[in-house]
Amino acid sequence: MQPSSYHLENTWSPEGGKHGRLTLTLFNFSDAPLENFRLAYTTLTRLVDPQACDNAVFVRRNANFHEFAPPAGLSIAPGGSWTFTVSALHRIARHCTDGAKSAYVTLEDGTHVTVFTSDLLLADRVSEPPPVLLPGGRLELPYAIQPWPAEIDAKPGEDFPVALYPAEGSDAASIKALAAAQALFRRLFPSNHIPFSLIAAPQGRALRFVERPALAREAYELSFSGDEIVLAFSAEAGRLYGLTTLAQLLDGARREPGKFRFPVSGVIADRPRYGWRGCHLDVSRQFTPKDDVLRLLDILAWLKLNIFHWHLTDDEAWRLEVRAYPQLTTTGVLRGPDEPLLPQLGNAAEPVGGFYSQDDVREVVAHATALGIEVIPEIDIPGHSTATLVALPDLTDGQEAPDSYHSVQGFPNNALNPAIELTYEFLAKVFDEMVELFPSEYIHIGGDEVANGSWLASPLARKLMEQEGISGTFALQSYFLKRIKAMLTERGRKLAGWNEVAHGGGVDPEGTLLMAWEKPEVGIDLAREGYEVVMTPGQAYYLDMVQADAWQEPGASWAGTVPPAHTYAYEAEGDFPDELKHLMKGVQACIWQENFISRDYFNRLVFPRLPAIAEAAWTPKAQKDWLRFAAIVPLSPKL
């Protein structure tokens, strides 16, 4: 990468407005004066009053995209700089990632040049470095198993086998499962010694497979003796999980023999705590290449997670190929200075895109299925639909004022209009293609963060509300979602959504699964209304949240500070009354990528909290142990 000719420094001060002030300084390291230019940058700390800037001229803003011009006649000489301030911010900056994520200058001839963007500095207060988030840990039993099993009574050996191999007479299906476990391990740990062999291995140990119908589908039992290991299971899932545990045990003993051991005798009897053990991935804000999605699925399988919730659309991009509407992955996916979608969340001068072809989706679904993971696709409707509406402008009410409402993220008029019949024709064709691609029981339709006031300036929406005898945004949303649920039912699918699906009257709870994200208490409220619930509160399970209060700790902060110890200790059942616990189906991690502008950011924020949620989803409450977890989790694979 060539060094940039321009650098942007930015500082936040708590002084200068209700939510403080940003001071931005653009340095010119080119060989020519910088004149008649504009500066654009993206930041989640948005300007709310265009007049609240000093020594700059506001040009435009779209969500977290901001553009300014210098005062008339200003010229930045080579080696010189220009400083301006922005106050009237919509929130306080709390961390180093709350400043400019990217920037570019538009030169006099219209050329766009990316600007190097530094971390946000903190003025007038102490800028604390990140603390250590994971203790050294403590082991009572020297086994590298994660998540920790339900029951374990095993004696550690003094050494470990070179490899585990199928006992004589093993059936073809079990040998094939062993081969799949070999391949998973090699993908996750390319330089580590594979713990399995398909043929008898010198200094190895035989592995006998036993079908035991009395075991639950995802349960398994491992019995260790000097001669062989017995893996008992009733279904393919249990066999896979048993092999995963064996791989973890042997890999840990080999990698850190002074810390971890392999059992010489005893039993592990294991089964999951919850049926829904999920991980969500937002690929709209930042595109995740297919190969990275496949690796994430491997990591989920290693952690015994069984649901992959794929958030495929949002305001910033539509990522799923829909052959009936190619515009969605042309116009609706490309962000850039001269594109219909402006840069957001770390994009600069170079246009960025990325989507999944239908062949990509088939490959991802097949890979997940082979690992015992169900892929739940999400298209986020009716809100979070800016990319959709840019690609398909016929879905808007032309009589509605273009800035009649704004989402919490700052996007204007970003919700599909329930009063436009073409909306349902569009979604019917999308669902028709989705059910062919995704065999999942559920299709997730979002339903979150529709701004109060949406559609109220639309004459078509007002007419529909009068016809239906309903009033207000959320009653209209309920009308929309009831139609969507009927469309999914016709296609043999159930509706999943975020907790706001229940607003305005909601939808029929029968066959509906809602995810409680805003705060833990929401889950209990949804269960009281009869909905099945997955718990994924931002205060514990959102992996984009900061892990410490320190200024230099990266991440979002709207749900507070979420250190790994808190994520691990959080009990999703909380105060669920006994009579409602059957409606609490499980837990889910959510990976929102607004702040994930690099793989390093991904790994720093997702791990070790994703393994912590995996343990909460699998391990009985009485068997959880933070210090044991901390001792084992450094062995986990990362992206």
Side-chain angles (χ1 to χ4, degrees), residues 62-65 282-285 287 310-322 324-335 339-342 344-345 353 355 377-398 400-431 433-434 443-458 460-461 464 473-474 476-481 483-485 487-488 495-498 500-501 503-504 592 594:
N62 179 266
N64 68 96
F65 171 88
D282 155 34
V283 296
S284 179
R285 277 55 181 266
F287 181 66
W310 205 1
H311 184 91
L312 289 160
T313 75
D314 216 296
D315 290 303
E316 291 82 358
W318 179 290
R319 304 294 190 188
L320 173 67
E321 180 189 14
V322 177
Y325 297 97
Q327 313 95 300
L328 291 169
T329 45
T330 54
T331 306
V333 80
L334 202 58
R335 300 200 298 254
E339 305 300 334
L341 294 171
L342 288 169
Q344 303 284 350
L345 302 169
F355 67 93
E378 178 186 354
I379 58 165
D380 202 346
I381 55 175
H384 288 278
S385 293
T386 296
T388 308
L389 295 169
V390 167
L392 301 172
D394 288 349
L395 299 182
T396 60
D397 181 351
E400 185 179 17
D403 287 296
S404 59
Y405 63 90
H406 288 80
S407 74
V408 67
Q409 288 83 14
F411 287 96
N413 292 32
N414 74 329
L416 296 177
N417 193 321
I420 296 175
E421 200 60 29
L422 190 59
T423 296
Y424 304 98
E425 295 177 26
F426 157 66
L427 291 172
K429 292 179 180 178
V430 171
F431 291 145
E433 295 194 29
M434 290 180 74
I443 288 180
H444 199 294
I445 53 77
D448 62 311
E449 293 187 326
V450 171
N452 195 4
S454 298
W455 311 306
L456 301 186
S458 161
L460 291 175
L464 177 62
T473 292
F474 300 117
L476 194 53
Q477 173 179 293
S478 176
Y479 166 88
F480 171 84
L481 292 176
R483 290 190 62 173
I484 297 305
K485 182 173 172 64
M487 293 166 67
L488 293 178
L495 184 149
W498 302 107
E500 296 97 319
V501 166
H503 287 181
W592 298 101
E594 286 94 333

| field | Considering all heavy atoms, the nearest G447-D380 contact | value |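 Where G447 meets D380 most closely, the heavy atoms are N-OD1, 3.5 Å.
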| message | How close do A415 and W455 get, counting heavy atoms only, and between which atoms? | response |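 Shortest heavy-atom separation between A415 and W455 comes out as O-NE1, 3.4 Å.
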Between the side chain of [X] and the main-chain N/O of [Y], is any donor-acceptor distance below 3.5 Å?
X	Y	answer
Q344	N64	yes
W310	D282	no
S284	L312	no
T396	G398	no
T423	A419	no
T473	G453	yes

Value rounded to 0.5 Å, distance of [atom1] in [X] from [atom2] in [Y]:
X	Y	atom1	atom2	answer
T313	E378	OG1	CD	6.5 Å
S454	N452	OG	CG	7.5 Å
L389	W318	CG	CH2	10.5 Å

| Do V501 and I445 pass the side chain to side chain contact (heavy atoms under 4.5 Å, CB included) test, and can you show the C-alpha distance, the side-chain angles, and the key distance before you say yes or no? | CA-CA 9 Å; V501 166; I445 53 77; 4.0 Å; yes
Salt bridge (Lys or Arg N to Asp or Glu O under 4.0 Å) partners for [X], two or more places apart:
X	result
E594	R285
E321	R323
E421	R483

Are [X] and [Y] side-chain neighbours, meaning at least one heavy-atom pair lies under 4.5 Å?
X	Y	value
E316	F411	yes
L342	R335	no
L427	I484	yes
N413	S404	yes
T331	V390	yes
N417	E400	yes

| request: Could you please spell out the steps behind the side chain to side chain contact (heavy atoms under 4.5 Å, CB included) verdict for I381 and F480? | output: CA-CA 10 Å; I381 55 175; F480 171 84; 4.1 Å; yes
| Residue list, side chain to side chain donor-acceptor pair (under 3.5 Å) with R319, at least two apart or on another chain |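 For R319 there are no side chain to side chain donor-acceptor pair (under 3.5 Å) partners, ignoring immediate neighbours.
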| field | For H444, side chain to side chain donor-acceptor pair (under 3.5 Å) partners two or more places apart | value |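 Per chain and number, H444 pairs via side chain to side chain donor-acceptor pair (under 3.5 Å) with no residue.
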| request: Verify the ring-centre separation between F355 and F287: is it less than 6.0 angstrom? | output: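 Not under 6.0 Å, so no.
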| message | I'd like to know whether V450 forms a side chain to side chain contact (heavy atoms under 4.5 Å, CB included) with Y405, so could you lay out the CA-CA distance, the side-chain angles of the two residues, the decisive distance to 0.1 Å, and finally the verdict. | response | CA-CA 10 Å; V450 171; Y405 63 90; over 6 Å; no
Between [X] and [Y], how do the two ring planes meet: parallel, tilted or perpendicular, split at 30° and 60°?
X	Y	result
W498	W592	tilted
F426	Y325	perpendicular
Y479	Y424	perpendicular

| field | Pairs where residues 381-395 contributes a residue and the test side chain to side chain donor-acceptor pair (under 3.5 Å) is met, not counting sequence neighbours | value |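 Matches after skipping sequence neighbours: D314-H384, D315-H384, D315-T386, H384-D448, H384-E449.
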